[in-house]
Amino acid sequence: MDTSQTISGRRKDQIAEELPPSLLAWYDRHRRLLPWRSLPGQHPDPYHVWLSEIMLQQTTVATVKGYFDAFLARWPRVEDLAAADLDQVLTAWAGLGYYARARNLHRCAQAVAALGRFPNTEAELLELPGIGPYTAAAIAAIAFDRPATILDGNVERVISRLHRVQTPLPKAKEELRALAAKLTPQHRPGDYAQAVMDLGATICTPTRPKCVLCPWRPACAAFAAGDAETYPRKAAKAVRPVRHGVAFWMINDKGEVALRRRPEKGLLGGMMEIPSTEWRTENWAEAEVRAQLPAAGKWQMLDGQVRHVFTHFELRLGVQRALIRKSPAADLIWVSPDRLSDYALPTVMRKVVDLAMNRKVSDVT
DNA sequence: TAAGCGTGGTA
DNA sequence: TTACCAAGCTT
């Protein structure tokens with residue numbers, strides 16, 4: 001090996017050794033203050049850490065804050081959450097999305113309450129419902145200060161830039177995990193885990209990273225190459241298809257509106273809905289909709305339609321409205337319109353309510 | 001392994 | 001407006 005390479009190699013090793021301490025020093029000055037974080041020197045509450053981590057899965061910090069506070073106020077301990085009705089949990093979760101998380105949250109609370117303590121190893125945590133590789137590592141590190149390697153979207157971005165990883169996600173995951181594991185320190189691993197995420201969230205951002213402010217800039221290959229913003233590389237995404245449906249807003253002689261509970265599994269599982277036709281690729285013709293009307297009455301097609309974007313398709317929902325004399329189907333639940341907030345209505349159904357009640361109106365075309 | 005699973009904010 | 005993105009998990 002030639003001499004300059006050896007020197008350069010040693011210099012790199014030296015920089016690599018300094019990465020965790022330099023990040024921790026940065027974190028001590030710039031850490032975000034978040035409702036679920038303990039203050040320096042205090043032990044975090046595993047219940048708070050777990051609850052926040054579940055809520056934060058694919059969900060922004062700003063969105064989670066209000067839900068986190070509301071859950072803690074209502075269910076201060078994991079035993080309280082375990083004792084709650086699932087439907088109460090779903091109602092409190094409404095609007096947050098990915099509703100399987102709420103059902104798993106409830107099951108997990110019951111498992112922890114039955115166990116009488118919070119599991120504190122990565123392997124044990126991984127057994128619990130709703131806890132996957134990332135969340136198990138995050139709880140082990142943050143709540144119990146174990147040297148677990150977290151790999152979330154932030155870490156993927158930071159590490160792929162640091163090493164200028166060319167492999168596109170999701171294929172690059174194991175490569176990134178191995179690189180991240182080499183950095184995980186024995187000293188303050190919990191703070192380190194939160195520090196990498198703070199770095200990704202505030203400095204090493206997806207667009208326009210603030211490299212001038214980054215404590216890892218001296219070691220960053222992408223910064224040196226001037227192409228940080230192009231990482232992580234990603235595989236091309238599939239196009240999002242459009243589906244169509246018609247919702248039926250039924251009002252009885254008491255002024256109540258008909259809801260229905262969706263099946264436990266699948267899309268919006270266990271949540272409430274305004275009954276509707278199937279959501280299908282083809283548009284619905286008038287005659288087809290007439291044949292599907294769930295009850296006799298004077299049906300009126302409302303102007304506009306609800307547009308809602310799910311992860312894997314876009315939904316366009318027309319709304320038909322009618323006064324109904326008697327309940328046409330046994331599985332309907334009749335609810336006073338001013339009590340709708342007591343029910344587990346996902347956001348797409350709130351939009352239907354808004355259109356049907358002639359409110360103003362997001363995502364109506 | 002890849003598809004299914006929500007929503008709101010931002011460029 | 002569209003497209004992307006955010007502390008991923010389950011099957």
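Chain A is the first sequence line, chain B the second, and so forth, proteins listed ahead of strands; every chain is numbered from 1.
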Using a 4.0 Å heavy-atom cut-off across all strands, classify [X] as base, sugar-phosphate, or nothing.
X: A:Gly200; answer: nothing
X: A:Leu268; answer: sugar-phosphate
X: A:Trp36; answer: base
X: A:Pro129; answer: sugar-phosphate
X: A:Leu34; answer: base
X: A:Val64; answer: nothing

Please measure how far the [atom1] atom in [N] lies from the corresponding atom in [M], and state the result in whole Å.
N: C:dA7; M: B:dA11; atom1: P; value: 15 Å
N: C:dA6; M: B:dC5; atom1: P; value: 22 Å
N: C:dT10; M: B:dT1; atom1: C1'; value: 13 Å
N: C:dT1; M: B:dG8; atom1: C1'; value: 16 Å
N: B:dG6; M: C:dC4; atom1: C1'; value: 15 Å

Residue [X], side-chain atoms from C-beta onward, closest of [options]:
X: A:Arg157; options: C:dG8, B:dG6, C:dA6; result: C:dA6
X: A:Arg32; options: B:dG8, C:dC4, C:dA7; result: C:dA7
X: A:Pro346; options: C:dA7, C:dC9, B:dT7; result: B:dT7
X: A:Thr311; options: C:dC4, B:dG8, B:dG6; result: B:dG6
X: A:Pro206; options: C:dA7, C:dC9, C:dA6; result: C:dA6
X: A:Thr135; options: C:dG8, B:dG8, C:dT10; result: C:dG8
X: A:Asn154; options: B:dG6, C:dC9, C:dA7; result: C:dA7
X: A:Tyr99; options: C:dC5, B:dG6, C:dT10; result: B:dG6

Specify the separation, in whole Å, of atom [atom1] of [X] and atom [atom2] of [N].
X: A:Tyr67; N: C:dA7; atom1: OH; atom2: P; value: 19 Å
X: A:Leu169; N: C:dA6; atom1: CG; atom2: P; value: 11 Å
X: A:Arg307; N: B:dG6; atom1: CZ; atom2: C1'; value: 14 Å
X: A:Leu56; N: B:dG8; atom1: CG; atom2: P; value: 16 Å
X: A:Tyr98; N: B:dG8; atom1: OH; atom2: C1'; value: 12 Å
X: A:Leu267; N: B:dT7; atom1: CG; atom2: C1'; value: 12 Å
X: A:Met55; N: B:dG6; atom1: CE; atom2: C1'; value: 15 Å
X: A:Leu151; N: C:dG8; atom1: CG; atom2: P; value: 10 Å

Which residue, A:Asp198 or A:Lys265, contacts DNA chain C at a nucleotide closer to its 5' end, judged by nearest heavy atom?
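The residue whose closest nucleotide sits nearer the 5' end is A:Asp198.
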First encountered from the 5' end of DNA chain C, between A:Gly153 and A:Val309
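Looking at DNA chain C, the more 5' nearest nucleotide goes with A:Val309.
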So do A:Arg243 and A:Arg280 actually touch side chain to side chain, heavy atoms under 4.5 Å?
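They are not in side-chain contact.
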Answer yes or no: is there a side-chain heavy-atom contact under 4.5 Å between A:Trp26 and A:Arg31?
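SC-SC contact between A:Trp26 and A:Arg31 ruled out.
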Is the phosphate of C:dG8, meaning OP1 or OP2, less than 4.0 Å from a side-chain N or O of A:Gln58?
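Checking A:Gln58 against C:dG8: at least one side-chain N or O falls below 4.0 Å of OP1 or OP2.
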A:Lys237 side-chain N/O to C:dC5 phosphate OP1/OP2 under 4.0 Å:
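It does, given that an N or O in the side chain of A:Lys237 lies less than 4.0 Å from OP1 or OP2 of C:dC5.
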Does the Lys NZ or Arg CZ of A:Arg74 fall within the cation-pi geometry relative to A:Phe71 - under 6.0 Å from the ring centre and within 45° of the axis?
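Cation-pi check for A:Arg74 and A:Phe71: fails.
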Looking at A:Arg208, I'd like to know if its CZ atom is crowded, meaning that more than 12 non-hydrogen atoms belonging to other residues, nucleotides or ligands lie closer than 6.0 Å.
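No.
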Could you check whether A:Arg101 and A:Gln57, counting side-chain N and O atoms only, form a donor-acceptor pair closer than 3.5 Å?
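Short answer, no.
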Should the side chain of A:Thr59 and the base of B:dG6 be counted as holding a donor-acceptor pair, with the cut-off at 3.5 Å?
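Side chain to base: pair present.
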Identify, between A:Thr60 and A:His312, the residue whose nearest nucleotide on DNA chain B lies closer to the 5' end.
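Its nearest nucleotide lies further toward 5', so the answer is A:His312.
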Verify ring pair (Phe, Tyr, Trp, His ring centres under 6.0 Å) between A:Phe68 and A:Trp36, making sure each step is shown before the conclusion.
CA-CA 8 Å; A:Phe68 178 81; A:Trp36 45 87; 5.4 Å; yes
Taking the six-membered ring for Trp and the full ring for Phe, Tyr or His, determine whether the centres of A:Phe223 and A:Trp216 are under 6.0 Å apart.
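Between A:Trp216 and A:Phe223, which both carry aromatic rings, the centre distance is not below 6.0 Å.
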